[in-house]
Amino acid sequence: MQKLKLVTIVAEAVLEERLLRELRHLGARGYTLVMARGEGTRGVHASSWEGPNLRIETLVAPEVAERIMTYVADHYFADYAVIVYSIDAEVIRGEKYL
Amino acid sequence: MQKLKLVTIVAEAVLEERLLRELRHLGARGYTLVMARGEGTRGVHASSWEGPNLRIETLVAPEVAERIMTYVADHYFADYAVIVYSIDAEVIRGEKYL
Amino acid sequence: MQKLKLVTIVAEAVLEERLLRELRHLGARGYTLVMARGEGTRGVHASSWEGPNLRIETLVAPEVAERIMTYVADHYFADYAVIVYSIDAEVIRGEKYL
Amino acid sequence: MTILDLVRLNLLSPMVLAFVLGGIATLVRSDLKFPEELYVGLSIYLLLAIGLKGGAALSETPFSVILWPALATLALGVLIPIVAYVILRRLGRFEIADAAALAAHYGSVSAVTFAAVQTFLEALKVPYEGFTPTLVALLEVPAIIVALLIARVAMGQGGNWGELIHELLASKSILLLLGGLLIGFLAGQSGLKQVAPLFVDPFKGVLTLFLLEMGMVAARRLGDLRKVGLFLVAFGILMPIASGTAGIWLGSLTGLSSGGAVVLGTLAASASYIAAPAAVRIALPQANPSFYLTASLAITFPFNLAIGIPLYYGLSNLFY
Amino acid sequence: MTILDLVRLNLLSPMVLAFVLGGIATLVRSDLKFPEELYVGLSIYLLLAIGLKGGAALSETPFSVILWPALATLALGVLIPIVAYVILRRLGRFEIADAAALAAHYGSVSAVTFAAVQTFLEALKVPYEGFTPTLVALLEVPAIIVALLIARVAMGQGGNWGELIHELLASKSILLLLGGLLIGFLAGQSGLKQVAPLFVDPFKGVLTLFLLEMGMVAARRLGDLRKVGLFLVAFGILMPIASGTAGIWLGSLTGLSSGGAVVLGTLAASASYIAAPAAVRIALPQANPSFYLTASLAITFPFNLAIGIPLYYGLSNLFY
Amino acid sequence: MTILDLVRLNLLSPMVLAFVLGGIATLVRSDLKFPEELYVGLSIYLLLAIGLKGGAALSETPFSVILWPALATLALGVLIPIVAYVILRRLGRFEIADAAALAAHYGSVSAVTFAAVQTFLEALKVPYEGFTPTLVALLEVPAIIVALLIARVAMGQGGNWGELIHELLASKSILLLLGGLLIGFLAGQSGLKQVAPLFVDPFKGVLTLFLLEMGMVAARRLGDLRKVGLFLVAFGILMPIASGTAGIWLGSLTGLSSGGAVVLGTLAASASYIAAPAAVRIALPQANPSFYLTASLAITFPFNLAIGIPLYYGLSNLFY
Ligand SMILES: Nc1ncnc2c1ncn2[C@@H]1O[C@H](COP(=O)(O)O)[C@@H](O)[C@H]1O
Ligand SMILES: Nc1ncnc2c1ncn2[C@@H]1O[C@H](COP(=O)(O)O)[C@@H](O)[C@H]1O
Ligand SMILES: Nc1ncnc2c1ncn2[C@@H]1O[C@H](COP(=O)(O)O)[C@@H](O)[C@H]1O
Ligand code: NA
Ligand code: NA
Ligand code: NA
């Protein structure tokens, strides 16, 4: 078993394409995405047609996790309804995520 | 990075409004909700129109997490199909969840 | 509070029935399932009608978690788009998951 | 036509056949699944469409014509749950919560059964009053309140009634039905005509689709039949026949046409599986859903669909 | 008919009543919720249907007939956001980003308001040009570009314009509208006839369903009304009246029928809540969505739906 | 009309144009996405509608009329996968699993292509037998079984055949098609009439919507075209032409009308992308989905839609 980080980003739907592109650049080798509703401190989202929140999970190496978290905080926290957190996860044959 | 708890509640859909209200009272500052299917030991749910399970996640301080878990166990385990668990999570600029 | 493992499997939708059956045999007492989209290293999925990925979570004892992870790795990694990982979780009155 | 002919005619309608197909799909463990969202969408459509049609008809009905049938409907909504509760407690030896929960379901009403009886009468070209959706709306709520009241009194509990009644009236099924009724009433027949290609013409087709899904839902409950016991199976068949007869009789007394009386009888005979389960789950969580969902969905609903409706139609001849 | 008669007629259409019902559902905190997927499905349908009908009509319109109205529409798309921006900055004292965001919304267009004005005119049997969907498509994009341009110049920023324009043109609302237009144009009236039982006949019914949902969405914004202040409420009502009048006037100048001019006026008066919010959220994230979403959805949209459309119709008499 | 006229007529139908629009949406990276649930809902509708119409027609068809065409269809279902397998192994040098997977897809059938050929013939007012949906159902399964049988024999494996056949017969596409057929058969034309405003009239419109989504799905596969190689591209075009000709010929031998023969030819020519991929993914997981999905969805499906159908219609003149 190998130890990796599971980074979860919850963000407004309008950011989908941009976030996925940036995740790839930051070193993520895959992601799993689910549509979600939610409330936090900012509330208002873009448009009803754009729909609800994205909940994106990506299993990555610890250093990539840190990079993603800092990047998201720096680029999105000011203007967008976005949160990001990281959880310890164990995987089998972890090479594919690295 | 700060350490918080990610509390997840899986519950029948008919409890939505009530659970979200109570989470707020117990100290949660936000939540992310996804519709889910599932099976456990109790099985039967309210009605087909009410639909499937809720899966509610909330990032909170450890003491709030404990409060939520005890509250849910005390108020729902007897009569409802509900589970709750807690996971360690790391966040950046964690003040907004406290 | 008791310590359990939360095992998450992300897999192509066509595997649903089979995976749920096998989880039960391997000792899981329940599961929560959400439909998800995603990308990884393999990409191609069965058919459009079958739709997107499954994201299955199950709270289990640590030894069951290990059994599930090894089983999934051995039986699915070669031919299917599947990932599996395990996370530490705390529950209240954990007997129902054992 | 004999009752048997009617049963046969009814059994071979696309709606009932779709229900059977749904049941088969579940029994052969097909991977056919209706997306939750499709189910919700179809429900919204059916309730709104029933309301709209009823409202437009109501806009042309004098108050004096509907007054007595409306009162009769309210009487049914109060009496059926009381009778059901007593039977279930005395004869069935059910717990208070379970008996009250079942009483709420059998006193309330099933919108899809209503749609089915409409379709049935239209196929036979039997006329019935256009304001029957008003009766559906009237019959949906009181029984739930009466049954919960019984339970709380019997268990010596108080409880927040204001919140419960608000929740019932604001619940989506009632809101759509009453809202549709009001829209139809205000917009009138000319307003309805504008939206008829969506809300009137394809109605039976949508009902067919919906019953396909209902068949799957009901069949998933079949496994619970053994759990609920023979008494409940008998109750799920005999109670509707009794309530249905009472409904037809009251309909005939209050001046409904024979078609209208069949509709009122079917409403009385039908058991709720939308509004009642949600309300009971919130207000009486101790009650076991296996009892009320299985009885309502897997016994009474298919019974009414396949046999009950033609039976009530046949029975109406005794009163007209 | 006086304007008041028209308002009354309009207010009692199933579409407007459904919008009100949606509002009520939210206000009484009903558990009625449209699945996200249903909302998306209805949007796809409406945009495609508008396009198809327009395209089929366009296929029978000579180029010379549409040229001038099209140019007038483009002029509106450039001028309205400039005027709106100046008013919001000077009189309203809004921040640059917020003023520009609002300008983008009021310069762009609401497809549902367009559908409502069509339905209104059809109910009155007032003819209008079949190519009006082309005008919708023409009016949707330019205002957004102009407003963002203003913002960037005022804030001294550059920015990737190519990407923005690509994103706008490839955005689903424009793609469906233009795509439908093209399909309708190529397939012609005979092609449209093949799909009319889905895309033409049930259109008003689908619109009714959609407006039920829109009523819920708009009512959820009502709480924000206090936040946005009285100035924005006034702006959300007076700006459409001004743009609407300008639209009718330009329509009359460029040879549109009086019905066509009412449509163009309504388009000018309507505020976007699909294409503009998405574009602004990406390109001007500093702008506060409370302002532009509340103004567009909770003020201008219901105003146009209930009062604006009959008003513009009444105003058209001044020009014809 | 020459074949070229037919191609042009076909290419400008709303259905084919919608498919092209879907392709364009993907290529310009539009954010247009069909919710999964809408896609499933449309599929359920199409399969059920095809079945219902076919069943109602079948209820008026004497057994002797359908017997020979049915046997011809079964023969195609057995022969096409064998021929395809041999070609792919010998000429294409594919692995056993990949060749068998492709053979299963080309022997089975595409319900949407079937709907398209129906629409095409109806536009030309060419009559064809009402029982053709029965042939769709007959052609869907055998090829998959034959192809998997070949693979297991060639790879020296056993396997649980009972489970596979059960899974195929209980799979949603077959259940809906056969179930619809049965419902239509039992309810007859009078039953069908009740639900026609949903299942018959809007059919082509729904097909248009569905093809919009299919265009997006197919275009997403275009990137894989390079991976699959020139041989597979040629196979995806030539194999349908061969099977199509065989189908028309067998149709003419077994007494089908020329329209019916065109339908049978198109069925033979079409490749499955619903039932076959799911079955192959379960039973032959080693096979590479890039091959079978790309060939079936991105090559053969659009080829049949745009060129194949008019071509088979033209070819039918050689046999009639
Ligand atoms: N404490 C929290 N726990 C879980 N999810 C949250 C929390 N706070 C915010 N979210 C999610 O993140 C989204 C954006 O949050 P915010 O920027 O605070 O509005 C919300 O819509 C929620 O889905
Ligand atoms: N062991 C488990 N792992 C994951 N989810 C579970 C588990 N047990 C129950 N659940 C979820 O919790 C819901 C209620 O569980 P129960 O009360 O056991 O029926 C189920 O429908 C599942 O979605
Ligand atoms: N690094 C990752 N993080 C999160 N989810 C992943 C990751 N890699 C793969 N997945 C998910 O697992 C599915 C199958 O992965 P793969 O077999 O790599 O194509 C993908 O469709 C994703 O939903
Ligand atoms: Na009843
Ligand atoms: Na405008
Ligand atoms: Na074929």
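Letters A, B, ... mirror the listed sequences (proteins, then strands); counts begin at 1. Values reported hereafter were calculated over all heavy atoms of this structure, with side chains retained and with hydrogens, waters and symmetry mates removed.
Residue E:P14 comes nearest to D:G191 through the heavy atom pair CG-O, 3.4 Å, listed as atom of the first residue, atom of the second, then distance.
Judged as a ring pair (Phe, Tyr, Trp, His ring centres under 6.0 Å), not a single pair has a partner in residues 177-198 of chain E (not counting sequence neighbours).
The most heavy-atom pairs under 4.5 Å with chain D, out of E:I24, E:L212, E:V206, come from E:V206. The greatest number of non-hydrogen atom pairs below 4.5 Å with chain D, out of E:V20, E:L38, E:L17, is found for E:L17.
Note that the CG atom of D:L48 and the CG atom of E:L21 stand 7.0 Å from one another [nearest 0.5 Å].
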CA sep, side-chain torsions, deciding dist, call: D:L175, E:V28, side chain to side chain contact (heavy atoms under 4.5 Å, CB included): CA-CA 10 Å; D:L175 190 116; E:V28 303; 4.0 Å; yes
Candidate pair D:F199 and E:L209, rule side chain to side chain contact (heavy atoms under 4.5 Å, CB included), full reasoning: CA-CA 10 Å; D:F199 287 112; E:L209 219 48; 3.9 Å; yes
Would you enumerate the inter-chain donor-acceptor pairs between chain D and chain E whose distance is below 3.5 Å?
unit_1 : atom_1 : unit_2 : atom_2 : d
D:H166 : NE2    : E:V28  : O      : 2.9
D:A170 : O      : E:S30  : OG     : 2.5
D:K172 : N      : E:D31  : OD1    : 2.7

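Looking at E:L207, neither its backbone nor its side chain comes within 4.5 Å of chain D, counting heavy atoms on both sides.
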